[in-house]
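See below for the structure under consideration.
Because only heavy atoms are used, hydrogens play no part in the values below, and waters and symmetry mates are left out as well, while side chains stay in. Below, read A as the first sequence line, B as the second, and so on, with proteins coming before strands; counting in each chain starts at 1.
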Amino acid sequence: MNFEVKASSEEGYMEILVCIKQVPGTTQVEIDEETGVLRRDGVASKMNPYDLYALESAMVLKEKYGATVHVLTMGPPQAEHIIKEAYMMGADHGAILSDRKFAGADVWATAYTLSQGVKRFCKPDLIICGKMTTDGDTAQVGPEMAEFLGIPHIANVSKIVDVTRSNMTVEMDMPQTVEVAKVEFPCLITVEKGIFQPRLPSYKLKKSTAQLNVQYYAFRDLEDQDEMKYGLNGSPTQVKRIFPPVGNDAHEIWEGDSDTLTNQMFNALMRLKFI
Amino acid sequence: MAKIIIHNEKVKAHDVLVNLCPFNAIEFMDSKITINSGCKMCKLCVKQAPDVFEFFEEEVRRVNKSEWKGIAVYIDHVEGDIHPVSFELIGKARTLAEKINHPVHAVLIGENVMQAAEEIVKYGVDEVFVYDETELKNFRVEPYAACFENYIESVKPSIVLVGGTTIGRSLAPRLAARFRTGLTADCTVLDVQENTDLDQIRPAFGGNIMAHIHTPNHRPQFATVRYKIFDAPEMIDKPFGKITRYTVSKDLLKSKIEVLEVHDKAKSESIEEAEVIVVVGSAFKKKEDLSMAFKLAALLDAKVASTRPLIEKGWMDAKLQIGLSGRTVRPKLIITCGVSGSVQFVAGMKGSDQIMAINIDREASIFKTAHYAIVGDIYEVLPKLIERIENERL
């Protein structure tokens, strides 16, 4: 990144909001075919790994230009852990949207609740989201939030090229091409894994932010008091059922001289249409 | 209104109940079971402990489904060059449309795209809705969303299918949010009910569980699908589809985004997108010997990837590493050559459709994961296999 400092860090600090999520510590969940119960081995929760890239992007901008970095999440009170973790990476303020009324939210209701939370929490010039989460894997909450906030967004940002007081230039990763685009603030971007190498939580920051509060917001704190827009009630999609994926359970062991083995491999490759 | 009602009076073993929830949403506090905002409404608790957890639903809003007719496919393109996922979606849309007797629409937004519209008709759509303006030269989310919104408002389609590309994943959520409707990302199976409800199946948790999702009370139903999930349809002999141009007011074409430049991406060496991968492991004795793997890869139109030790030796580029500290791949076929199969490596490839492993050691742990375990020496098997395939091609 070679952009010069154009934003003054004296007046009008840039306000950056990073949206983060607590996800299960592993995606290695299995479903018991008979009972339909998810088997977990008591795994702890962690911050969505893709959010680390969003946080790092915010930290890089903060160091270059001076910025206040806010982090926001929706989830149970235990999600305070990931806010604390964000503090250890250098975030300044954190908030959790937590209420039973938010339970069962799909993409729409999640994005709507977050956008309501943003309005309550801060006035960001820039919102940065990770590309996706590892539990939902939808990559759609960020753009839906931008819609609710009425701001432009650019998804799949692979590079930040330039930042000025009023806009930023980024590279958007497309299937065959790269688009360099300039977008005015306020805006939202979702960043690709690998945009920057995320820093490790710092022990020094852990000490110095130990007393730093985490703001809690419940349904009653939000501007829109229509219960039908939150949680399950606000979710247009419904999960009919969850089930284990059908795997390939072939398991053949081939032994013998190399001619036999070659034959078997060749025939299998033919049968599977790879030759 | 829908919720889960908890009958606390029927709670016997609260710790068992707390553990029912994969999302840690069931809590035991002040001697009461409660559900927190982590709840995904997967209803596993209702299934497992129906005496304690009761699913309660009261229908509030009903959409008139017969007002929404048509299956739309967003045509993903860069300057008129159509992404093949769009054709695959047309194929799927045709199958679905036949079941419910709906028309298939293609929505094409861009600049100078009339020629692309002609191409689309050949795949058997009933109508192509074209928005062709200078302002639409490059994808910018506000004007593109405005045009798409105009199409949805005018036509009221029941289902909208969008490719899971960078553009699709930007556009579909904006519209789903705008129309206050459901969006299901990365569907792998789509089917339609007689009442036009779309059955959507998608993987979650990195593919470890599948979820069947529907949008029973909202229209249109948005789904995104990745490239190469469905088959592209054959072109039809006598295209019959109409091509109609639509316009929106100039105001709606304004954007806060300016595309400065579009350049081709450096040819992707990325192993994550490869359909066939040949992996080299520690059994290769010299760097030169890797040429066997490259030769095999060339014959199978595959990419060559590596385990960590070869990268540490400097024989292979770090971007080609499979495993926890490298890339995760799920190709259609992976052939591991002389790879023992550490836990870290296997974690990065066990989702592959077909796994063939060549290893001299019958006890190699890779064989536990492999669908085809070939107990043999790569220095014998690879050259013979290469020769055999080459002969076949003669």
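B/K265 contributes atom NZ, which lies 11.0 Å from atom CD of A/E171 (distance to the nearest 0.5 angstrom). Note that OG1 of B/T34 is 7.0 Å distant from CZ of A/R100, once rounded to the nearest 0.5 Å. Put simply, CG on A/L261 and CD1 on B/I358 are 8.5 Å apart, with the number rounded to the nearest 0.5 Å. Distance CD/B/E258 to NZ/A/K182: 5.0 Å, rounded to 0.5 Å. From B/I257, atom CD1 reaches atom CD1 of A/I154 across 4.5 Å, with rounding to the nearest 0.5 Å. In this structure, CE on A/M132 lies 7.5 Å from CG on B/D186, to the nearest 0.5 angstrom.
Environment of CZ in B/R388: crowded, with over 12 heavy atoms of neighbouring residues, nucleotides or ligands closer than 6.0 Å. The environment of B/K256 atom NZ is sparse: at most 12 non-hydrogen atoms of other residues, nucleotides or ligands sit within 6.0 angstrom. In the displayed structure, B/D301 atom CG is contacted under 6.0 Å by at most 12 heavy atoms of other residues, nucleotides or ligands. At most 12 heavy atoms of other shown residues, nucleotides or ligands fall within 6.0 angstrom of atom CZ in A/R220. Residue B/H214 qualifies as enclosed at atom NE2: its count of foreign heavy atoms under 6.0 Å is above 12.
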- Would A/F266 and B/I389 count as a side chain to side chain contact (heavy atoms under 4.5 Å, CB included) if you check the C-alpha gap in whole Å, the side-chain angles of each, and the deciding distance to 0.1 Å? CA-CA 7 Å; A/F266 180 81; B/I389 300 173; 3.9 Å; yes
Candidate pair B/K384 and A/D259, rule side chain to side chain contact (heavy atoms under 4.5 Å, CB included), full reasoning: CA-CA 7 Å; B/K384 283 185 179 165; A/D259 286 320; 3.3 Å; yes
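Side-chain atoms of A/P236 and B/N217, non-hydrogen and from C-beta on, never get closer than 4.5 Å to each other. Here the side chains of B/V259 and A/M172 are not in contact, with every heavy-atom distance at 4.5 Å or above. You'll find the side chain of B/I4 stays beyond 4.5 Å of the side chain of A/L232, heavy atoms only. Under the 4.5 Å side-chain criterion, counting only non-hydrogen atoms from C-beta, A/Q264 is not in contact with B/Y372. Within the 4.5 Å cutoff, the side chain of B/R169 has no heavy atoms near those of the A/P143 side chain. Side chains of A/I275 and B/L300 form a contact here, defined as non-hydrogen atoms less than 4.5 Å apart. Between B/L44 and A/I242 there is a side-chain heavy-atom pair separated by less than 4.5 Å. At a threshold of 4.5 Å between non-hydrogen side-chain atoms, the residues A/Q176 and B/V78 do not count as touching.
Using a 4.0 Å cut-off between charged side-chain N and carboxylate O, B/R202 and A/D137 make no salt bridge.
By number of non-hydrogen pairs under 4.5 angstrom with chain A, the leading residue of B/A373, B/G182, B/A185 is B/A373. The residue among B/C45, B/A370, B/C42 with the most heavy atom pairs within less than 4.5 Å of chain A is B/A370. Counting heavy-atom pairs under 4.5 Å between each of B/H263, B/Q200, B/E380, B/K332 and chain A puts B/H263 at the top. The most heavy-atom pairs under 4.5 Å with chain A, out of B/E142, B/M356, B/K43, B/R362, come from B/R362. The residue among B/L175, B/D264, B/T369 with the most heavy atom pairs within less than 4.5 Å of chain A is B/D264. For the options B/V262, B/L299, B/D377, B/I167, heavy-atom pairs under 4.5 Å to chain A are most numerous at B/V262.
Applying the salt bridge (Lys or Arg N to Asp or Glu O under 4.0 Å) rule to B/D197 yields the partners B/K65, B/R219; only residues at least two apart in sequence or on another chain are considered.
The list of side chain to side chain donor-acceptor pair (under 3.5 Å) pairs with a residue in residues 139-149 of chain A, not counting sequence neighbours, reads A/E147-B/R174, A/E147-B/R178.
For B/V141, the part lying under 4.5 angstrom from a heavy atom of chain A is the side chain only. Looking at A/D173, both its backbone and its side chain come within 4.5 Å of chain B, counting heavy atoms on both sides.
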